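Below is one structure, written out as structure tokens; the observations come after it.
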2 protein chains.
Amino acid sequence: MIGPVALNLSIEVVPFAIRAERLEVLLTRRPTGWRLPGGPLEGVENLDAAARRHLTDQTGFGGAYLEQLYTFGRPEAAGGLAVTVAYYALVSCGALAVDPAADGRARMEWSSLAALPDLLQDHAGIAALAHRRLASKLAYSTIALQLMPERFTLTELQAVNETILGEILDKRNFRKRILALDCIEATGETARRGGHRPAQLYRAKRPGQVDFIK
Amino acid sequence: MIGPVALNLSIEVVPFAIRAERLEVLLTRRPTGWRLPGGPLEGVENLDAAARRHLTDQTGFGGAYLEQLYTFGRPEAAGGLAVTVAYYALVSCGALAVDPAADGRARMEWSSLAALPDLLQDHAGIAALAHRRLASKLAYSTIALQLMPERFTLTELQAVNETILGEILDKRNFRKRILALDCIEATGETARRGGHRPAQLYRAKRPGQVDFIK
DNA sequence: CCACAATAGTGTAGAATCAACACTAATATA
DNA sequence: TATATTAGTGTTGATTCTACACTATTGTGG
């Protein structure tokens, strides 16, 4: 059944990853310009499933952590109403390493959140809202782990937090806090990277799961 | 433009109020049974505006504080997709006092959140989600003020917090914390209610506005 | 092989915040 | 005038937070 107004429902996803110590957003190129991955529903599907489908089809990062952000309604020039259900996705550095063979996919490109190109509609605003949500969730959840590879050092985890928050953290206090959360464990292995003391490698105790703290 | 799938977009609102020291939800009666206030869009309208319109038309509490909660997608028996954008509303005790002459409105009734009747679809789940969101927001915002009348005592504000959280709070610690937030001010007036010392009346410094704290 | 550069890893002390706790003050009523 | 009832107020110990500097371990280059 269709309501009295023409509805255009779309799903948009803000895919985040940490690249080169910066928080970046993955954009796709369409004939009309850059936009967030997303698009209309196809058939009868769960909204979460639709978000994941768009992400997978358009970027290949189907394993990302996905969370609903907000729903917007926007009158269209043609007289209908565009309803956008926005999600954000966290792509782990691990998934980034393997280039998701972009066969037949729209062209895509990571862009620094601080310097997005002109985007379709209000996609820039959606990305900014997603960033605020992500930053505030750092304070009361273990969501940052979703951006990490399977094994990571504490210094790397700290750097991810610093990048998202835009401020530097105290090394000793950060480590004490994270370890007290009981959300990661040492693997026993070390990472020998460069001319300096190797770092312990840690892994998430409950990978894929975001715990709330306090 | 209409997508390939039949869409049924509706707005549902969970209207909360404190009545008789309990957190209650306002339900409306339809031929098919009890449900949350809400319904389909009418013409091209902002989602927030649609939520307020439904709330106003169906309950008369148009002045309530409104906030988007979550968006659900649910396959329908007929083969289409029902998309529900859920909101919650906080009705101040002050607004409750004046009975919103329910002329021509669907029958409505407040129900304790703990003992809801059978509701349409997943409306009970939506109400439960709204309650969790509200309870968690108490910890980091001044949202509880939206449930208070224009002037209120500290004891009343504490009771509202206790009701939502489902736990009792320490009177001295509560007062210290609230006053430190700098979100309310004494009016200078007192409430003489019953055979005991009168209480100072306070009011919100920024009524209608919800501040985040810390 | 030795010096150096670079990052890993660790503890403490003072400040701030949180949590527990009990009595006096002011009013209405009987 | 005695009593019941709610308003209003501080302190102390525990916990948490914040600031802060040095040793450990490796790779590299002379």
Side-chain angles (χ1 to χ4, degrees), chain A residues 18 20-21 93 135-136 138-142 144 148-149 151-163 165-203 211-214, chain B residues 18 20-21 93 135-136 138-142 144 148-149 151-163 165-203 211-214:
Chain A
I18 301 288
E21 309 263 309
C93 304
S136 76
L138 283 190
Y140 63 88
S141 79
T142 61
M148 306 305 296
R151 284 149 196 242
F152 53 87
T153 69
L154 289 179
T155 298
E156 289 162 353
L157 181 57
Q158 181 177 345
V160 167
N161 275 264
E162 289 173 337
T163 298
L165 293 174
E167 60 182 314
I168 64 166
L169 303 172
D170 179 86
K171 190 207 271 194
R172 279 172 287 192
N173 293 339
F174 177 80
R175 287 168 181 237
K176 264 178 295 184
R177 209 192 79 221
I178 292 295
L179 293 174
L181 292 183
D182 191 41
C183 60
I184 63 175
E185 59 194 356
T187 62
E189 297 165 90
T190 55
R192 275 176 243 81
R193 295 170 190 160
H196 54 81
R197 175 171 176 176
Q200 279 286 326
L201 284 169
Y202 288 79
R203 71 173 146 242
D211 300 325
F212 290 80
I213 53 196
K214 263 222 232 167
Chain B
I18 301 287
E21 308 264 309
C93 304
S136 76
L138 283 189
Y140 63 91
S141 80
T142 62
M148 306 304 296
R151 284 149 195 242
F152 52 88
T153 69
L154 289 180
T155 298
E156 288 163 354
L157 181 57
Q158 181 178 344
V160 166
N161 275 264
E162 290 173 337
T163 298
L165 292 175
E167 60 182 316
I168 64 167
L169 304 172
D170 179 86
K171 190 205 274 196
R172 280 172 289 192
N173 293 339
F174 178 80
R175 286 167 182 238
K176 264 179 293 184
R177 209 192 78 220
I178 291 295
L179 293 174
L181 293 182
D182 191 40
C183 60
I184 63 175
E185 60 192 356
T187 62
E189 296 166 89
T190 56
R192 271 175 245 84
R193 295 169 189 160
H196 54 81
R197 175 171 175 176
Q200 279 285 326
L201 284 169
Y202 288 79
R203 71 173 147 241
D211 300 324
F212 291 79
I213 53 196
K214 261 223 235 165

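Just so we're on the same page: letters track the sequence lines, and every chain starts at 1. Owing to the predicted nature of the structure, the values given are computational and were not obtained by experimental measurement.
Here the C1' atom of nucleotide D/dA19 and the CZ atom of A/Phe174 are 17 Å apart, to the nearest Å. In this structure, B/Lys171 atom NZ and C/dT24 atom P are separated by 14 Å, rounded to whole Å. With rounding to whole Å, A/Leu154 atom CG is found 9 Å from C/dG9 atom C1'. Between B/His196 atom NE2 and D/dG8 atom P the separation is 10 Å, expressed in whole Å. Residue A/Asp170 contributes atom CG, which lies 13 Å from atom C1' of C/dT12 at whole-angstrom precision. Per the geometry, CG belonging to A/Asn173 stands 13 Å off P belonging to D/dA21, to the nearest Å. The distance between atom OH of B/Tyr202 and atom P of D/dA7, rounded to the nearest whole Å, is 12 Å. Rounded to whole Å, atom P of D/dC17 lies 10 Å from atom CD1 of A/Ile213.
The distance from atom CG of B/Leu179 to atom CD1 of B/Ile184, rounded to the nearest 0.5 Å, is 5.5 Å. Annotation: the span from A/Gln158 atom CD to A/Asp170 atom CG amounts to 7.5 Å, rounded to 0.5 Å.
Around atom CD1 of A/Ile168, no more than 12 heavy atoms belonging to other residues, nucleotides or ligands sit under 6.0 Å away.
Using a 4.0 Å heavy-atom criterion, one finds that B/Arg175 contacts the bases of the nucleic acid, with or without backbone contacts as well. In this structure, B/Thr190 reaches neither bases nor backbone, as no heavy-atom distance under 4.0 Å exists between it and the strands shown.
Between B/Ala199 and B/Arg172, the residue anchored nearer the 5' end of DNA chain D, judged by the nucleotide with its closest heavy atom, is B/Ala199. Projected onto DNA chain C by closest heavy-atom contact, A/Leu179 and A/Gly195 fall at different nucleotides, the more 5' of which corresponds to A/Gly195.
Each of C/dG9, D/dA7, C/dA6 was ranked by its minimum atom distance to the side chain of A/Arg197; first place goes to C/dG9. For A/Pro198, the side-chain atoms get nearest to D/dT26 when compared with the rest of D/dA21, D/dT26, C/dA28. Nearest nucleotide to the A/Lys176 side chain, out of D/dT9, C/dT12, C/dT7: C/dT12.
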query: Checking side-chain contact (heavy atoms from CB on, under 4.5 Å) for the pair B/Arg175/B/Thr155: CA distance, chi angles, key distance, verdict?
result: CA-CA 9 Å; B/Arg175 286 167 182 238; B/Thr155 298; 3.1 Å; yes

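With B/Met148 as the fixed residue, the side chain to side chain contact (heavy atoms under 4.5 Å, CB included) test singles out one of B/Val160, B/Ile18, B/Thr153: B/Val160.
Taking 3.5 Å as the limit, the base of C/dT17 and the side chain of A/Lys214 contain no donor-acceptor pair of atoms between them.
Phosphate contact (OP1/OP2 of C/dA8, side-chain N/O of A/Thr155, threshold under 4.0 Å): present.
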